[in-house]
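Written below as structure tokens is the structure these notes are about.
Counting starts at 1 for both ligands and their atoms, following the listed order.
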Amino acid sequence: MNRFDYVRPNTVAEAVQALGADPQARFIAGGTNLIDLMKYDVERPGRLIDITRLPLRDITEQDGGYRIGALVTNATVAYDARIKERYPLLSSAILAGASAQLRNAASTGGNLLQRTRCYYFYDTATPCNKREPGTGCGAIGGVNRIHAILGASEHCIATHPSDMAVALAALEAVVQVSGPNGDRSIPLSEFHRLPGDDPAKDTNLAPGEIIVAVDLPAKQFKTNYTYLKLRDRLSYAFALVSVAAALELDGETIRTARLALGGVAHKPWRNPEAEALLQGKPATRETFQAAADLILREAKPQSTNGFKIELARRAIVRGLEQAAAGTPQSQSDKRIQ
Ligand SMILES: Cc1cc2nc3c(=O)[nH]c(=O)nc-3n(C[C@H](O)[C@H](O)[C@H](O)COP(=O)(O)OP(=O)(O)OC[C@H]3O[C@@H](n4cnc5c(N)ncnc54)[C@H](O)[C@@H]3O)c2cc1C
Ligand code: SF4
């Protein structure tokens with residue numbers, strides 16, 4: 001491991017200033033991703049800015065919804081009585097991720113900024129445009145079973161690994177950030193980006209910015225929701241495909257539909273056309289299949305992940321069925337219902 005300095009600011013302004021002063025600096029929150037990356041020599045920060053003393057650990061009411069501080073742990077969010085009651089989709093998605101120990105340490109901000117689990121990104125002996133721009137992409141034509149089927153580019157086919165972000169995308173959460181040029185809000189669906197020709201950049205966070213909070217809007221989807229995660233092993237593993245589905249129903253008719261997919265793209269994947277297609281239609285398998293077909297119309301397989309397209313099709317239909325029936329996927333009994 002390389003040598004690094006360590007600082008521990010007490011305010012957001014100090015943290016932003018410390019980051020701006022050193023291009024090699026990185027914030028550290030729970031450390032569950034950054035420390036791994038340092039051990040693999042993928043990240044080599046010259047300075048760690050420990051943000052765990054910043055006053056960002058509260059969940060507060062905000063415009064009929066809630067504001068979750070960036071340092072609130074994944075476990076705290078998932079088990080908070082207010083979140084469980086009003087945003088069970090978010091609780092469920094968080095509990096589908098990682099392990100209890102990891103969720104106790106992992107923070108809301110860090111979860112959004114965790115990096116891809118692409119094998120080549122972690123292996124410094126292989127080419128990777130995300131880790132070292134211009135070196136190529138080892139995954140294209142290589143081992144790409146876990147990689148993207150939507151929105152990939154010729155430079156990178158990585159996926160974003162967060163479960164929490166998928167639920168936040170469906171809930172239309174908003175990320176609050178602070179930086180050298182002041183504060184701004186970024187809708188969750190615009191927070192992560194597609195790889196394009198600059199895969200080193202995971203998000204639209206500007207240099208020097210820190211996440212201070214995530215806002216949940218008033219709309220909750222308390223009844224008709226599910227987070228369905230398909231993975232290689234049930235104990236814990238990243239999603240091959242996941243579906244956050246949230247519906248509002250008028251009897252058998254869909255009034256509002258929100259659908260976000262994980263494990264298939266460089267960002268949580270939403271398709272407004274598919275959501276519009278669902279609206280006003282009967283909540284039937286045929287309707288759900290039509291939405292799945294529309295979403296996957298643009299899907300492109302890599303050399304070894306073609307199975308993901310059919311897996312995603314089935315997961316979308318099953319997820320929408322679970323949401324419509326009000327029988328969300330259990331995250332303790334992980335077998336698919
Ligand atoms: C074995 C294992 C299994 C896992 N399984 C899953 C899973 O199934 N699903 C899932 O979703 N996740 C999974 N994870 C990932 C885990 O959820 C993330 O590592 C965790 O959420 C990251 O949060 P952290 O606070 O530890 O981030 P850190 O490691 O501290 O930081 C991660 C990144 O975010 C930056 N950062 C942190 N906070 C801020 C902030 N407020 N503003 C700006 N930048 C910030 C850091 O600089 C760093 O670049 C797994 C992790 C491991 C190790
Ligand atoms: S898919 Fe992206 S992260 Fe993986 S090797 Fe290619 S460029 Fe790197």
His266 ring center within less than 6.0 Å of His160 ring center: no

Backbone N/O of Asp198 and side chain of Arg193: donor-acceptor pair under 3.5 Å
yes

Side chain Ser242, main chain Lys229, donor-acceptor under 3.5 Å: no

Option whose closest heavy atom lies nearest to [atom], chosen from [options]:
atom                    : options                     : result
atom 12 (N) of ligand 1 : Gln114, His160, Arg26       : Gln114
atom 35 (C) of ligand 1 : Leu48, Leu113, Leu71, Val16 : Leu113
atom 51 (C) of ligand 1 : Leu102, Ile49, Val214       : Leu102

Under 4.0 Å to a heavy atom of [X] - the qualifying atoms of ligand 1, by number:
X      : value
Gly97  : 7 (C), 8 (O), 9 (N)
Leu34  : 29 (O)
Gly110 : 22 (C), 23 (O), 24 (P), 25 (O), 27 (O), 32 (C), 34 (O), 37 (C), 38 (N)
Gly30  : 24 (P), 25 (O), 26 (O), 30 (O)

Could you report the tightest heavy-atom contact between [X] and [Y], atom names first, then the distance?
X      : Y      : result
Thr135 : Pro127 : O-CB, 3.2 Å
Arg231 : Phe238 : CB-O, 3.5 Å
Ala260 : Ala169 : CB-CB, 4.1 Å
Leu113 : Thr203 : CD2-CG2, 3.7 Å

(request) Could you tell me whether some N/O pair between Ala29 and ligand 1 is separated by less than 3.5 angstrom? (result) yes

Does either side chain, that of Asp41 or that of Thr124, offer a donor lying less than 3.5 Å from an acceptor on the other one?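 The criterion, which ignores hydrogens and geometry beyond distance, is not satisfied for Thr124 and Asp41.
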
Is there a donor-acceptor contact under 3.5 Å linking the side chains of Gln101 and Asn104?
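Judged by distance alone, the side chains do not pair up.
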
In a table with atom names and distances, give each donor-acceptor pair under 3.5 Å that connects a side chain of residues 18-29 to protein atoms at least two apart or in another chain.
| residue | atom | partner | partner atom | Å |
| --- | --- | --- | --- | --- |
| Asp22 | OD1 | Gln24 | N | 2.9 |
| Arg26 | NE | Glu43 | OE1 | 3.0 |
| Arg26 | NH2 | Glu43 | OE1 | 3.3 |

Quiz item: So which of Ile210, Asn204, Asp183, Leu205 actually passes side chain to side chain contact (heavy atoms under 4.5 Å, CB included) with Val177?
Solution: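 Answer after filtering Ile210, Asn204, Asp183, Leu205: Leu205.
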
Is the contact between [X] and ligand 1 made by the side chain, the backbone, both, or neither, using heavy atoms and a 4.0 Å cut-off?
X      : result
Ser107 : both
Asp36  : side chain
Lys229 : side chain
Asn74  : side chain
Ala165 : neither

Q: Could you label the plane-to-plane angle of the Tyr40 and Tyr122 rings as parallel, tilted or perpendicular, counting under 30° as parallel and over 60° as perpendicular?
A: perpendicular

Hey, are the side chains of Thr52 and Arg57 touching, using non-hydrogen atoms and a 4.5 Å cut-off? yes

**Request:** Please tell me if the side chains of Leu168 and Leu112 come closer than 4.5 Å, counting only heavy atoms from C-beta onward.
**Result:**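 Yes; the side chains approach each other to less than 4.5 Å.
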
Residue, atom and distance of the protein heavy atom nearest atom 19 (O) of ligand 1 read Thr32 OG1, 2.7 Å

Heavy-atom gap Arg103 to ligand 1 smaller than 4.0 Å =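 Checking ligand 1 against Arg103, which is what was asked, there is no heavy-atom contact under 4.0 Å.
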
**Asked** Heavy atom of Ser99 under 4.0 Å from ligand 1?
**Response** no

Any protein N, O or S atom under 2.8 Å from atom 6 (Fe) of ligand 2? Found Cys137 SG

